[in-house]
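A short worksheet on the structure shown next.
Residue numbers begin at 1 in each chain, while the letters A, B, ... track the order of the sequences. Quick caveat, the model's predicted, so the values are computed rather than measured.
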Protein chains: 2
Amino acid sequence: MGVSLKDIAERAGVSLATVSNVVNGYRPVGERTRQRVQQAVDELGYSPNLSARHLRRGRTGLIALAIPELTNPYFAELAEIAIREAAGLGYTLVMENTAADGDAERLLLDGSRRQTIDGLILSPVRVGRAEVLDRRAGNPLVLIGEGVYDTPYDHIAIDNVAASHAAIRHLVAIGRRRIAFLGAPPGDDRQSAQLRLRGYREALDAAGLPFRPQLVARTDGFDRTEGRRAMGDLLALDEPPDAVFGYNDLVAIGALRALTEAGRRVPEDVAVIGIDDIEDGRYGNPTLTTIAPDKEAIGRLAVRRLVARIEGTPVTGPLTVQTPFRLIRRESTGGPTT
Amino acid sequence: MGVSLKDIAERAGVSLATVSNVVNGYRPVGERTRQRVQQAVDELGYSPNLSARHLRRGRTGLIALAIPELTNPYFAELAEIAIREAAGLGYTLVMENTAADGDAERLLLDGSRRQTIDGLILSPVRVGRAEVLDRRAGNPLVLIGEGVYDTPYDHIAIDNVAASHAAIRHLVAIGRRRIAFLGAPPGDDRQSAQLRLRGYREALDAAGLPFRPQLVARTDGFDRTEGRRAMGDLLALDEPPDAVFGYNDLVAIGALRALTEAGRRVPEDVAVIGIDDIEDGRYGNPTLTTIAPDKEAIGRLAVRRLVARIEGTPVTGPLTVQTPFRLIRRESTGGPTT
DNA sequence: CTGAAAGCGCTAACAG
DNA sequence: CTGTTAGCGCTTTCAG
């Protein structure tokens, strides 16, 4: 075992409590004593044993960020932001990969992990409102990104319906009429996909365009592979779409690939738009038009809210926070080349 | 605070030690007692306080994976594998983002974190052999991916020089003669880049091709942006290259984008190859030829080695393990379309 | 401003 | 097979 408080208390000829106060800076300590202690700390290379501290304090300093897929760049980018923010607030963030699995999500909400972490940021995809309400664990929870509303927990997300409206309006504005939705969920899972699909329908309606069920392509998962496959289905239609709105950038990128392979021109034959603004989309050929959520805001706010709840700081603002988004027009809908 | 051992000891009318034994299964416990204890555990919803356990055991059950950039899909994919493997062995993996910063790496090697984690998997980019040898912290360390050899620590990586040879041989085999290297490090940092550059030179030599310094493009970092910028420099040469070997897939993808913007055809005018086999490369236009490391092997082996060191299990096999790689030919060097 | 002492919850000897 | 007990290293009253 390493150097302990006791070791340096002896070395500096003071009590444990004094050393603790020097290390933590809680209570004022005489200048001379402080220096002696500091010197001992430096000489012996002391650093506090966090397990002991946590045991005593009843907190671990760990918060978890649970996301459905680490390899989705959107979540990697979000995680990077959240890790930084947590570190700045003195917390260590551990990532949990739920792999979009309901059991994994439930286990995090209630399982044994709850003893290890002071709080949880969860991006739920399988778990619904009822299960969140049923939660027994008492530590703070912040929800991000999906549509589990009306719970007693903080929830930070973009307005999925409004984002879809913006995407469709853009496609309509550039003259498209047969607009497909790519990435409808198989069951009634994945709230955000339901919401985006709803936004799609509403926006078609608002534009006076008919809703055509055959233009809604289901995917099993939301990655490039599925986007490509489902785009293939759409291209096989008698009257294929002249535009595609992807549930996220990943499926949209898969769609771009399918279009390239099929020899279709983008955007001339088919325009494509996604959501997330992941970096791949800025470097593809063509580059991908997208709805860009404010990841910085989501990541930082989620961590700050969680930490505030953990520490009992009064929290201002509503439980549900809608973060801003903006449309970034790129080549896939006829935007600029650079 | 939650339910403690003591609570359930009282409830079940047994001693603390017995409860502990039931929970941990260390020592045999009578069937009747075990049942009573188990029942109390279930009724009260007990789960052990890990801080206390860690304090007592002197271990935390946490291992850290420190990588230079979480938003590089290569590392995200690797992290996903490592997290899974660690969970299977009863450890929680926390990700540390060094952001390719030397201070961050040194802090992890020796800093305060060392008290929190049982062991560290580090992908060093700035820190060299000397600094690794100087390390004072005593907990186990496994190095991955870069070229810090001849240390007393386990090291798992592909053979960078051999990988470069394979890449260049491929470009030569498809008839290229003016082959550029994209992603030379600015200083003498980033060992792996040095090694890949060395492999590049050796392979040119072996193929009887001259080494032309102007075909080595430096980048400041190793992302898409820098790849694109540096490719622009190469295109501005009087005699631009007919092939580009990128330090990794990310810079290669940036190069592809630069080529598209410049109206060059790939692979007809310029062939492109990278290293890493990230998923983006499989869905770009054109798709990217690459050297694919065995990420599964690297991620799993790194965790297994580390855990073995932590637990004092005898470790077989050499300190430095070279994991296999293979060349995957795609459109960017004239490979198949699907 | 500083010290003494209690105890967070758990595990691992050691006794029985 | 079960119980008792001594800490792991730290923070935090409470006294001085």
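Between A/Asn21 and D/dT11 there is no side-chain polar atom (N or O) within less than 4.0 angstrom of OP1 or OP2.
At whole-Å resolution of the value, CG in B/Leu5 and P in D/dT4 are 15 Å apart. B/Arg59 places its CZ atom 18 Å from the C1' atom of D/dG9, with the value rounded to the nearest Å. Across the protein-nucleic acid pair, A/Ile8 atom CD1 and C/dG3 atom P stand 13 Å apart, rounded to whole Å. At whole-Å resolution of the value, CG in A/Leu55 and C1' in D/dC10 are 8 Å apart. Atom CZ in A/Arg56 sits roughly 11 Å away from atom C1' in C/dA5 (whole-Å rounding). Going from atom CG of B/Asn49 over to atom P of D/dC10 covers 17 Å, rounded to whole Å.
For B/Leu70 against B/Ala76, the heavy-atom pair with the smallest separation is O-CB, 3.9 Å.
Toward the 5' end of DNA chain D, the nearer of the two residues B/Ala52 and B/Gly30, judged by each one's closest nucleotide, is B/Gly30.
Across all strands, B/Ser51 comes closer than 4.0 Å to no nucleic acid atom at all (heavy-atom distances).
Two residues are said to be in side-chain contact when any heavy atoms from C-beta on lie closer than 4.5 Å; A/Leu89 and A/Val303 meet this criterion.
DNA chain D is contacted by A/Ala17, A/Ser20 of residues 12-20 of chain A, taking any non-hydrogen atom closer than 4.0 Å.
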* Carefully, step by step, assess B/Asp101 and B/Arg126 under the rule salt bridge (Lys or Arg N to Asp or Glu O under 4.0 Å). => CA-CA 7 Å; B/Asp101 176 63; B/Arg126 287 256 129 77; over 6 Å; no
* Would you please test B/Arg59 and B/Asp118 for salt bridge (Lys or Arg N to Asp or Glu O under 4.0 Å) and show each step? => CA-CA 6 Å; B/Arg59 294 218 217 105; B/Asp118 292 340; 5.3 Å; no
* List the steps and the verdict of salt bridge (Lys or Arg N to Asp or Glu O under 4.0 Å) for A/Glu80 and A/Lys295. => CA-CA 10 Å; A/Glu80 195 160 87; A/Lys295 291 178 210 117; over 6 Å; no
